[in-house]
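Position 1 is the first residue of the sequence; numbering continues from there.
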Amino acid sequence: QVQLVESGGGSVQAGGSLRLSCAASPGSGYTYSGYSMGWFRQVPGKEREGVATIDSDGTTSYADPVKGRFTISRDNAKNTLYLQMNSLKPEDTAMYYCAADPRWWSRLRESDFRYWGQGTQVTVSS
């Protein structure tokens, strides 16, 4: 069982920046570096949508709405995933979730991830 704990959410004005973190505790028999990781977000009443993923080899992918503004990264020595969010827009307001899967790669799809954090709220005001 993998435990994921997000932090770094908050309220910011449009155009501002936030950095989300996700601390991972890999399950027995696995190492964090072997996991694919991702960030997803959800607005009440809507389905959870993919934001960005990073494979165990460092390959990244982004949803079109965040390309050029968000950057996903990982620090395997600290078992931590990050999401740097710049030029934030009101439509970025959502609960942001960290996700992990023991496979070395995953697509930007909710069904590709086995483990989920509890989420951290991001609110962007205009």
* Are Y115 and F113 linked, directly or through other ILVMFWY residues, by side chains that come within less than 4.5 angstrom of each other? -> no
* Is a side-chain donor or acceptor of E6 paired with a backbone partner of C22 at a separation under 3.5 angstrom? -> no
* CD/Q118: more than 12 non-hydrogen atoms of other groups inside 6.0 Å -> no
* To do: Just say parallel, tilted or perpendicular for the rings of Y97 and W116, cut-offs at 30° and 60°.
  => perpendicular
* In terms of hydrophobic clustering (I, L, V, M, F, W, Y; side-chain heavy atoms under 4.5 Å; direct or indirect links), are L20 and I72 co-clustered? -> yes
* Which pair of non-hydrogen atoms, one from L81 and one from I54, has the smallest distance, and what is that distance? -> CD1-CG2, 3.6 Å
* Should L88 and M95 be regarded as members of a common hydrophobic cluster, given that ILVMFWY residues are connected when their side-chain heavy atoms come within less than 4.5 Å of each other, either directly or indirectly? -> no
* Examine the side chains of T93 and T123 and answer whether a donor and an acceptor come within less than 3.5 Å of each other. => no
* Set of salt bridge (charged side-chain N to carboxylate O under 4.0 Å, His left out) partners for D55, sequence neighbours left out -> none
* With a 4.5 Å limit on heavy-atom distance, are the side chains of R114 and V2 in contact? -> no
* Distance from F40 atom CZ to L83 atom CG, nearest 0.5 Å? -> 12.0 Å
* Asked: Shortest non-hydrogen contact from S17 to N86?
  -> OG-OD1, 2.9 Å
* Identify the two heavy atoms, one from M37 and one from L4, that lie closest to each other, and give their separation to 0.1 Å. => CE-CD2, 4.2 Å
* Structure fact -> Only one of S61, S56, S36 passes side-chain hydrogen bond (donor to acceptor under 3.5 Å, both in side chains) with S106, and that residue is S36
* About how many Å separate OG of S33 and CG of D57, when rounded to the nearest 0.5 Å? -> 11.5 Å
* To do: Would you please name every residue forming a salt bridge (charged side-chain N to carboxylate O under 4.0 Å, His left out) with R109, sequence neighbours left out?
  => none
* To do: Report the C-alpha separation of D64 and K67 in whole Å, then their side-chain angles, then the decisive distance to 0.1 Å, and conclude whether the salt bridge (charged side-chain N to carboxylate O under 4.0 Å, His left out) test is met.
  => CA-CA 5 Å; D64 287 342; K67 282 181 180 177; 3.0 Å; yes
* Could you pull out the closest heavy-atom pair between L108 and V51, with the gap in Å? => CD1-N, 3.8 Å
* How far apart are the C-alpha atoms of T71 and Y62, what are their side-chain angles, what is the distance that settles it, and do they pass the side-chain contact (heavy atoms from CB on, under 4.5 Å) test? -> CA-CA 8 Å; T71 302; Y62 296 90; 3.8 Å; yes
* Run the side-chain contact (heavy atoms from CB on, under 4.5 Å) check on R41 and R48 step by step: do they pass? -> CA-CA 6 Å; R41 65 187 182 186; R48 189 150 50 183; over 6 Å; no
* Measure across M85 and Y96 and return the closest heavy-atom pair with its distance rounded to 0.1 Å. => SD-CE2, 3.9 Å
* For T80 and D75, does a side-chain donor sit closer than 3.5 Å to a side-chain acceptor? -> no
* Asked: For the hydrophobic clusters of this structure (ILVMFWY residues joined by side-chain heavy atoms under 4.5 Å, transitively), does one cluster hold both V122 and F70?
  -> yes
* Asked: Between Y35 and W104, is a side-chain contact (heavy atoms from CB on, under 4.5 Å) present by the stated rule, with each step listed?
  -> CA-CA 5 Å; Y35 282 81; W104 70 271; over 6 Å; no
* Looking at W39 and S21, what are the two nearest heavy atoms and their distance? -> CH2-O, 3.7 Å
* E110 and E49: side-chain contact (heavy atoms from CB on, under 4.5 Å), yes or no, with the steps? -> CA-CA 7 Å; E110 186 175 358; E49 65 175 3; over 6 Å; no
* To do: Report yes or no: does Q84 contribute a side-chain atom to a donor-acceptor pair with the main-chain N or O of R19 at less than 3.5 Å?
  => no
* Asked: More than 12 foreign heavy atoms under 6.0 Å from CD of Q3: is that the case here?
  -> no
* Asked: When you measure from the side chain of N79 to the backbone N and O of S25, does any donor-acceptor pair fall under 3.5 Å?
  -> no
